[in-house]
Amino acid sequence: MKNIKYLKFIFILSLLFVGCNDDESIDLVEPSHRVIVTSEMNFENTINIGGHIDFGDISQGVQSRIWTFPADASNIAGETGNTSSKNLVKGFFTKAGVYDVTLNQVFKGNVYPNEDSTEPIQGRELDTTIVVTVLGDVASSIKINYINEDGTLGAPLNLSDNAENEITASKYVRISQSSAGTPTNFEWSMPGAKPSQTSIADDPEAETDVRYTKLGTWDLQFIASRTRPTDSDTIYIKNFIKVIPSTEPVTLDRVFEYEAQTKIGLEFSREIDPDTVNRNNFTVTIETAGGATITPEIANVMVDSSEGTILIIELANEIMYNDDTVKVSYTPGALTTLDAVASDAFSDVILTDFIKTNLFEDSAVDYSFETTTEDNWPYLWWGGIWGEYDMNLSFDRAHSGDKSMYIEFRPDGGMIIGNADAGSNINFTVESGVKYEMGVWVYIEDLGAVNGEANVRMYWSPGTNWGIGDNITFTPDSPVGEWFYSSAVVQFAAAGEISYMIRGINTNPERLKFYMDDLTLFKLTSRP
């Protein structure tokens with residue numbers, strides 16, 4: 001009897017225990033919520049051939065699921081077919097292409113379609129498609145041609161090791177490439193050439209001209225690569241090209257500010273022999289904005305240690321200012337190139353490239369038109385001819401980046417636009433009593449019938465100088481079909497925040513069509 005009483009007690013206790021658990025299960029409500037993740041979701045589910053992606057179904061309230069993978073291009077780890085009911089699956093992809101991976105889920109109740117939803121859909125079954133991109137191996141081919149004297153494309157170069165294709169110093173070759181596998185980075189390494197390192201990003205399919213300036217036999221390397229998923233292809237050609245001496249005259253291609261205010265750079269068409277440089281054969285004159293002429297002493301003339309085509313003139317007792325006119329002359333001496341060609345004399349060649357910083361780079365002005373829209377360049381409602389224009393921000397052509405401002409002045413029309421964001425002016429900071437260079441790059445598409453007045457002026461507000469001259473003047477001789485730089489020197493009456501007003505006019509009977517890009521504002525150094 002004692003044992004029977006004990007068994008009855010256990011039975012009653014068991015009922016109480018089960019009852020308590022039943023009550024708790026009633027209180028627990030599991031929502032149906034769809035949440036799907038992949039191991040490459042932050043990289044657009046893009047992988048290499050032979051790579052894998054982990055797919056996870058971490059949804060709540062799932063009663064059953066079926067993953068389905070492309071049968072002819074993938075396999076699932078641990079499965080014999082192309083489907084799986086597991087919550088976590090690893091899919092391997094064996095062919096390049098774009099594929100759909102589908103997930104069919106049946107939930108216990110009406111389902112929330114994603115983790116941020118507050119309202120469920122009316123149904124228990126959802127189908128989800130995940131797009132997977134499988135990239136093939138990066139594979140590249142390159143093409144390099146001589147350039148004929150008339151600028152046309154010449155014969156192809158031999159791309160075999162030890163070919164030693166001969167080229168005369170200072171001549172160009174034209175390089176191009178074609179790559180499969182969607183690479184994003186393209187790097188040329190061409191010792192002996194200028195530039196010796198070339199990175200191509202904006203238009204990798206475009207042809208590029210490279211100039212060989214250094215005597216000797218040089219290798220070539222080209223690398224096409226992508227960072228995610230990582231892959232690359234390298235083409236390396238040993239003893240690719242042999243640069244031989246030239247009998248053609250050496251030319252002075254550029255005079256520029258090499259180091260701020262104290263050094264001048266002279267860039268020649270070929271490398272200069274350092275042993276033939278004599279500073280006494282060079283003179284520098286500086287014509288100041290005030291009309292004075294200064295002849296500074298030259299402390300030294302030397303070949304640049306890294307660019308043999310550049311001579312550096314170092315001034316001894318004078319500095320240069322942006323409003324100076326700096327001229328360089330050379331009296332014939334021993335100056336020759338490394339391939340033994342003597343330099344001809346040159347006289348009063350003007351320094352054209354001063355070291356300057358575009359102040360718009362640290363301002364709110366979208367000087368390259370990359371991030372703004374037409375709404376940021378509104379018409380200022382002057383009335384009359386000043387609304388007779390058409391303007392849009394275009395991807396068709398750009399001096400840098402991807403976009404530029406395309407403008408058409410209608411016949412006998414004009415334009416006046418500002419720079420604003422949501423009705424408020426976009427400002428930049430200026431100083432008073434300081435000279436600035438305001439510039440812009442221009443590409444003329446069609447001059448129309450320019451004969452009368454046609455120009456663009458860069459105004460500003462407040463403190464507008466209505467008497468400022470043209471920034472761009474359109475004439476029948478203006479270059480068409482190429483980018484050129486135009487600028488004007490200005491001063492601001494007061495320091496502070498100002499904004500752009502761009503005004504243009506076309507008093508001619510046909511439309512004037514052009515692009516503008518890369519607005520500049522340089523603070524110029526002025527001689528005290």
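In this structure, the separation between CG on D348 and OG1 on T283 is 7.5 Å, given to the nearest 0.5 Å. Annotation: the span from T213 atom OG1 to L338 atom CG amounts to 9.5 Å, rounded to 0.5 Å. Note that CG of N427 and CG of D421 are 11.5 Å apart. Values are rounded to the nearest 0.5 Å. Atom OG of S486 sits about 7.5 Å away from atom CE of M458, to the nearest 0.5 Å.
With respect to the salt-bridge test (charged N to carboxylate O, under 4.0 angstrom), the residues R527 and D323 do not qualify. Classification of K171 and E149 as a salt-bridged pair holds, one side-chain N sitting under 4.0 Å from a carboxylate O. For the pair D253 and R211, the salt-bridge criterion is met [side-chain N within less than 4.0 Å of a carboxylate O]. Under a 4.0 Å N-O distance rule, the pair E40/R228 qualifies as a salt bridge. Under 4.0 Å is where a charged nitrogen must lie from a carboxylate oxygen, and between R254 and E267 at least one such pair does.
Residues F514 and F474 place their aromatic rings such that the two centres sit under 6.0 Å apart. Proximity of the aromatic rings of W381 and Y379 is defined here by a centroid distance below 6.0 angstrom, and this criterion is met. Aromatic ring centroids of F360 and Y500 lie under 6.0 Å apart. Under the 6.0 Å cut-off for aromatic ring centres, W377 and F369 qualify, their centroids lying closer than that.
Classification of the F346-F268 ring pair by plane angle, with boundaries at 30° and 60°, yields tilted. Ring-plane geometry between Y330 and F282 is classed as tilted, the angle between the planes lying from 30 to 60 degrees on a 0 to 90 degree scale.
S141 meets the side chain to side chain contact (heavy atoms under 4.5 Å, CB included) test with S178; sequence neighbours excluded.
A side-chain N or O of S160 and one of N158 form a donor-acceptor pair less than 3.5 Å apart.
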*Yes or no on side-chain hydrogen bond (donor to acceptor under 3.5 Å, both in side chains) for S179 and S140, after CA distance, side-chain angles and deciding distance?*
CA-CA 4 Å; S179 298; S140 299; 2.8 Å; yes
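Among N471, N465, D470, the single residue meeting the side chain to side chain donor-acceptor pair (under 3.5 Å) criterion with R457 is D470. Each of V277, I264, L266, I312 was checked for a side-chain contact (heavy atoms from CB on, under 4.5 Å) with V301, and the lone residue meeting it is V277.
Nearest heavy atom pair, residue S170 against residue R270, reads CB-CG, 3.4 Å.
For W466, the CH2 atom is densely surrounded, since the number of other residues' heavy atoms within 6.0 Å is greater than 12. Surrounding CG of N451 are at most 12 heavy atoms belonging to other residues, nucleotides or ligands under 6.0 Å away. Heavy-atom neighbours of E44 CD from other residues, nucleotides or ligands within 6.0 Å: at or below the threshold of 12.
The closest donor-acceptor contact from the side chain of N48 to the backbone of T230 lies under 3.5 Å. Using modelled atom types, one side-chain atom of R410 and one backbone atom of Y389 make a donor-acceptor pair closer than 3.5 Å.
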